[in-house]
Number of protein chains: 2
Amino acid sequence: MSIDQILQQPSPLPTASLDQLKEHITEQHFPKGHILLQADKIESVIYFIKKGIARAYSPTDDADITFWFGKEGDPVLSMKSYVANEKGYENVELLEDSELYVLPTRELRQLFEQDIHIANWGRRLAEKELIRTEERLICRQVRTATERYKDLLNDHPDLIRRVQLGHIASYLGITQVSLSRIRAELR
Amino acid sequence: MSIDQILQQPSPLPTASLDQLKEHITEQHFPKGHILLQADKIESVIYFIKKGIARAYSPTDDADITFWFGKEGDPVLSMKSYVANEKGYENVELLEDSELYVLPTRELRQLFEQDIHIANWGRRLAEKELIRTEERLICRQVRTATERYKDLLNDHPDLIRRVQLGHIASYLGITQVSLSRIRAELR
DNA sequence: TTAGTTTTTTATCATAAGTAAAATTTTATT
DNA sequence: AATAAAATTTTACTTATGATAAAAAACTAA
């Protein structure tokens, strides 16, 4: 996915502003298993996924809990770092060899103060993420695990293929065994 | 809570920008039980709670599911309407006689395009809401119902007093009976 | 291919949470 | 204060999900 396409996703940007952003963006490649963001660390860049797939998880005593997946076009950032300059609660791990666009938050913050189009772009970015997050929260409360699995199958069939079921189960808030049961019933 | 205090919450604003915002804000009072926002409707205003308490819920086949509480200082809006100009999925109901500040989204959108400070203010507003929502989502996945109840008791003790337990249980994602059991154990 | 590792499924048992209904407490109203 | 209505707790029973262990299947890499 091209950087232009990705940047225009939150909202269209005038060419000048787009170029401003692109000036600070570089490309990096990482192997499967690489940890992009670390909990307990103030992260200083945000990524956009050009190619690949990632998961965010909270490392707890026993098992990690996966609560987010990102793929081509999605932004990857520690919200806590980006918004509050505080340590986050998530690790982000690459689940495939991946290609990423990298933008330092320091530069981005400066652009927010200088360019109203970029400020509004950043606003739209946060707002769209907010809607996605809110939808997941509500969905989690309203729908059963089986329904949520079906939804996922519908909306992101590739995810099921690309990500191992343990992570999917954790994301759905159930055990892997339960997910297996659900899958068996649907067959 | 004063409108100045509330508006400065997402991020400090220069006086001129603050005044611009305030020009479009009016105050309204509503009784307990009043429905502020309706699902299946594109809402055209956002509220800030001066005094009172509200809950957002998704009306489903059998029981409503509460997924958000707001009190003094909190913004109340249908994110879907505000961000995407689409119908939302939530009703918002007042749980007490309340006093609200009202800001039409049409005017706000205009200000976003005209004033970079307001644009960044709107960005911070969305970002902070995003963090709150993300935290709730993760908390939901990571912590048990009992822990989440204790957290709530800790962070918002007034909520337990002001809101009936049926709503709290729904918010925690458990039945009222379960919540009763939890409370009994803590005694 | 073969051995080794990881992932997924199946089976069994234990437990936490749901449902329904009754009992109690709290709140509101005349 | 007395009654009614609403909210909360308790009880008994049922069901769904989790934990654990082990078998089966699917990948990996020599």
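Labels below follow one simple rule: chain letters A, B, ... track the order of the sequence lines, proteins then strands, and each chain is numbered from 1. Bear in mind the structure is a predicted one, so any value in this text is a computation, not a measurement. Any value given below was found using the heavy atoms of this structure, including those in side chains, with hydrogens, waters and symmetry copies removed.
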Between Arg123(A) and Phe112(B), is any pair of side-chain heavy atoms under 4.5 Å apart?
yes
Find the distance Leu172(B):CG to dA16(C):C1' and express it as a whole number of Å.
16 Å
Is the backbone N or O of Glu43(A) less than 3.5 Å from a side-chain atom of Ser81(A), with the two atoms forming a donor-acceptor pair by type?
yes
Under 6.0 Å between ring centres, would you say that holds for Phe69(B) and Tyr171(B)?
yes
Between Gln176(B) (CD) and dT26(C) (P), how many Å, whole number?
15 Å
Over all strands shown, is Ala184(B) touching base, sugar-phosphate only, or nothing at heavy-atom distances under 4.0 angstrom?
sugar-phosphate
Thinking salt bridges, do Glu27(B) and Lys22(B) make one under a 4.0 Å N-O criterion?
no
Which label fits Phe30(A) and Tyr47(A): parallel for a plane angle under 30°, tilted from 30 to 60°, or perpendicular past 60°?
perpendicular
Counted 5' to 3', the first and last nucleotides of DNA chain D within 4.0 Å (strictly under) of a heavy-atom of chain B are dA7(D) to dA12(D)
Report yes or no: do Arg183(A) and Tyr149(A) form a side-chain donor-acceptor pair below 3.5 Å?
yes
For Lys32(A) and dT7(C), give me the distance from atom NZ to atom C1', rounded to whole Å.
11 Å
Under 4.0 angstrom, heavy atoms only, what part of the nucleic acid is Ser180(A) near: base, sugar-phosphate, or nothing?
base
From CD of Glu96(B) across to P of dT27(C) the rounded distance in Å is 14 Å
Any residue of residues 156-170 of chain A with a heavy atom less than 4.0 Å from an atom of DNA chain C
Gln164(A), Leu165(A), Gly166(A)
Does Arg183(A) have a side-chain nitrogen or oxygen under 4.0 Å from the phosphate oxygens OP1 or OP2 of dT9(C)?
yes
Using a 3.5 Å distance criterion without hydrogens, assess whether the side chain of Ser98(A) forms a donor-acceptor pair with backbone atoms of Glu96(A).
yes
At 4.0 Å (heavy atoms only), tell me whether Ser178(B) reaches a base, stays on the sugar-phosphate, or touches nothing.
sugar-phosphate
Which whole-number value in Å describes the distance from Arg148(B) CZ to dA16(C) P?
16 Å
Roughly how many Å is it from OH in Tyr149(A) to P in dT8(C), rounded to a whole number?
11 Å
Does a donor on one side chain and an acceptor on the other come within less than 3.5 Å for Gln141(B) and Arg140(A)?
yes
Are any side-chain N or O atoms of Arg109(A) and backbone N or O atoms of Tyr82(A), one a donor and one an acceptor, separated by less than 3.5 Å?
yes
Heavy atoms only, 4.0 Å cut-off, all strands: where does Leu179(B) land among base, sugar-phosphate and nothing?
nothing
